[in-house]
Amino acid sequence: MNNAVNDGGGAGVWSATGFRPGTKTGAGAGPGTGSPSGTPGGADGDTGDGEIWSGCWVAERLGVELVGDEGLGELLGLALRRNPKRAHLLVSHVLGKHIPQSPAVVYGYGFALGLRVRDLLGEDEARRAVVLGYAETATGLGHSVADGVGLAPCLHSTRRPVDGVARAGGFEESHSHATSHLLLPENPGLLAGDGPLVLVDDEFSTGNTILNTIRDLHERYPRDRYVIVALVDMRSAADLGRLDDLAREIGARVDLVTAASGTVRLPEGVLEKGQALVARYESEAEASASGVSDSAGPDGQTAPEAPEAPEAPGAPGRPALRVKLGWPAGIPDGGRHGFTPEHRVRLEGALPAMAARIADALPSDARRVLVLGFEELMYAPLRLGVALEKLTDAEVRYSTTTRSPVLAVDDPGYAIRTRLVFPAHDNPADGPGDRYAYNVAGAGFDAVVAVVDSTADTPELHAPDGLLARLSAHTPSVLLAVVPSYVPARPSTVPPTASSTERRSMLPEPLRGPDFSSYAPDEVGWLLQDLSDTKLEAPTEEREEAIQSGGAHYAESLPVEYQPSDAYQELFHNALAVSATRIAQAVGVVTETVLAERSPRPVLVSLARAGTPVGVLMRRWAQHRHGLDLPHYAVSIVRGRGIDANALRWLAAHHDPADIVFVDGWTGKGAITRELAQAVEEFEASDGITGFDPEIAVLADPGSCVRTYGTREDFLIPSACLNSTVSGLISRTVLRADLVGEHDYHGAKFYRELAAADVSVAFLDAVADRFDSVDEAVDAQVKELLSTDRSPTWEGWAAVERISEEYGIHDVNLVKPGVGEATRVLLRRVPWKILARAGAGADLDHVRLLAEQRGVPVEEVAELPYTCVGLIHPKYTRGATGADGKAVSV
């Protein structure tokens, strides 16, 4: 089944004489538009040349025309290349390869196409899908589509073989000048599932490459459905039926999703004429430029290539300024070996800080900045560019270097105005050769940020004729940011080394009350270091500005502890009286589930601090019901930084990792669930210690993120109403380089001075007092749960993504779903607004009171999947609040 999914739009012809509206002829399967839903229409291409179409130079000389959607010429220009099969080159204005473009526009096109794929497939099928992008041009596009799909891992083909990684497939690109495509997933099972395969390329022309891919993979890993995604569908009339033929041949459904459609109308003899034109320009350039010229002249008749833009005075030879990105450990640099939704969550959290480091390194007077990626490394620099664009007032553009040799002609009607040539600098498997950067010279960039992976950070990159030197001749400032090349993990049977064992044995014993926390010493041991004498608190508004600007991570400081009013204290006690029985039942259910499925004598390890009261209650239930005295510890986990590895080392030295059960209070969108899974995987790879199960047991799972829970209702857990005064007087955990060394636990503070307001033990006692009354209800619920499918659906994550887009936030980290998370927003962050499910009752009384105190609007929403959702103020600066400090609408 060939289902061309395009939106309606006008049609016409783009030619040497400009755009002519009219009926489309042979333009492909169905009408399209210049931009997918949710992205800016059109693209400037940075030419500054008014209404001149960037394909008219080629159209005039070769008689080539684009026939199709009205927006087609805004998406595409034309250029020429030396190629025995196809002389013309369709040059995209929104791909970010040959033409510098706003990173937000480039990312927006791919993301919006991904949203359409998700709508086409539906949530369940999208969750089973895998997205495959094509090297080199569509690696960033494919990854952006995967982000729009949101639930699927992505992979891209590569022309770089990697030692020790077996091929899972490969195919040829018939019209390409480059080597074969390889598929090198770290997880061999990534392509082996039977869910939909989403194939992403920048253009869908003859369809040969994609058809070759589908045939190759279908033979190895047959499935029922394929979705092809491209910015433009440019098939000729003769090629339109080939997808239907393929679908019938393999017995699968094949869908097509594009932003625009059309075709290229080619006159007789165009290939030979184009080749002759390229040959003449190249020979004239060689004869006249003496190795200096990199761009061709404008008149198209006898003029040789014009010289590049004037070099910046004194720039040649100036070394590039290195920027230390602080790329998160274990996050792949792209999709060469696979990239999961969990990887994306971690990268999202780290991007603001990395972009801030780049912004700090830019010249203060830089008004036009290019982020330049490197061949297949398109996604990482694109996301850095998007984040940088949010942080700076400068005009940010994005493009990448390429293997593709294209003729450059300095004419406003030609898509490739200038060309930089430099030697390959990543030791390519097919040997040395020239590489290119287009439309960079003469574009007036005040600074260029070159982003490469560490494999490409070679002497050739820094050579006198290398990329950095070529850039420095055309811009006053060149920055170099190196992303670590991801090395796929290899199974290891090597036992822990003597040094790692020694390091674990040197770690201190857990802290316990009453010296650290108001809990009894047997209730919990804190695998933390005591930072009580360190000044860590900062005003909420100051912290929010630093966090959102990337200037600081949220775990590097602490919010000022909220001191509840008498009215709020009364609400807490009322809520506890009403909900204690419901909480007791949930505690019993989750504990019995752990004992039945995980371990008969589990070691409870709560994630400080919201998980700690739940861990204590689970320990009390095990004593009440079974007479078990379970060990219980609290450890730190930090979003974007992972779990405390030293705490894991201590636990592994004292307990069987298979008995460890991680405990948390509740799930929101599941970010910590994903963070823990990734952190445990990295820990096993680094330390060789295996057996930890990263699945979290929680009291409440409204986000449907885990299998082990007490309830999936989103209701008020009174321990979420307060901060340290319901958590043993312990602060949030702290991870800051000047306080936490390589062999230290993460830190926290013990607020002894708040003892008069402490209700930590009172909360535990109130719930434990209801244990006897819920025994029968717990047994009945556990019996039902153990016989049902409790697989996570990640509904919460999907809902958060929708809310983020619907409210124009575009950052899932600023959307906090559920009663507990919304309460945290009001207590610790700068809230923008609260979304409350229409008809929610007493569970939200404390939320309404806090919102009133902070001047935050509460908006009732009829179809909200949570009882409430807290929205952190987007793009926050202290200027975004009123004079009274209350949040205002944006």
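- Ion pairing of Arg159 with Glu375 is absent here, as no side-chain N (NZ or NE/NH1/NH2) approaches a carboxylate O to less than 4.0 Å.
- Counting only distance, with no hydrogens or angles, the side chain of Asp233 and the backbone of Arg235 share a donor-acceptor pair below 3.5 Å.
- Ring centers of Phe374 and His425: under 6.0 Å apart, within the cut-off.
- Considering every non-hydrogen atom in both Trp53 and Leu76, the closest pair reads NE1-O, 2.9 Å.
- Rounding to the nearest 0.5 angstrom, the gap separating the OG1 atom in Thr400 from the CG atom in Leu377 is 9.0 Å.
- Arg470 places a side-chain N or O within 3.5 Å of a backbone atom of Val421 that can act as its donor or acceptor partner.
- Taking the charged nitrogens against the carboxylate oxygens, Arg417 and Asp410 do have a contact shorter than 4.0 Å, which makes a salt bridge.
- Residues satisfying the salt bridge (charged side-chain N to carboxylate O under 4.0 Å, His left out) criterion with Asp147, sequence neighbours excluded, are Arg344, Arg383.
- Between Thr263 and Leu66 there is no side-chain heavy-atom pair separated by less than 4.5 Å.
- The nearest pair of heavy atoms linking Ala135 to Glu376 is CB-OE2, 3.7 Å.
- Under 3.5 Å, the side chains of Arg336 and Thr158 contain a donor-acceptor pair of N or O atoms.
- Residues satisfying the ring pair (Phe, Tyr, Trp, His ring centres under 6.0 Å) test with His143, not counting sequence neighbours, are Phe339, Tyr379.
- Put simply, the residue from Val200, Val94, Leu75 that forms a side chain to side chain contact (heavy atoms under 4.5 Å, CB included) with Leu231 is Val94.
- Between Ile210 and Ile214, the closest side-chain pair of non-hydrogen atoms falls below 4.5 Å.
- Residues His88 and Leu266 meet the side-chain proximity criterion, which asks for heavy atoms closer than 4.5 Å.
- Within the 4.5 Å cutoff, side-chain heavy atoms of Asp430 are placed close to those of Arg403.
- Glu389 and Ser102 share a side-chain donor-acceptor pair at under 3.5 Å.
- For Asn208 and Thr206, the side-chain atoms include at least one donor-acceptor pair closer than 3.5 Å.
- Cation-pi contact between Arg419 and Tyr438: absent, since separation from the ring centre below 6.0 Å together with deviation from the ring axis within 45° is not met.
- Comment: Arg322 engages Asp457 in a salt bridge, judged by a side-chain N to carboxylate O separation of less than 4.0 angstrom.
- Inspection of the Ser54 and His93 side chains reveals an N or O donor paired with an N or O acceptor under 3.5 Å.
- Across every non-hydrogen atom of Pro476 and Phe445, the tightest pair is CD-O, 3.6 Å.
- There is no side-chain donor-acceptor pair under 3.5 Å between Ser399 and Gln101.
- For CG of Asp465, the number of neighbouring non-hydrogen atoms (other residues, nucleotides, ligands) closer than 6.0 Å is greater than 12.
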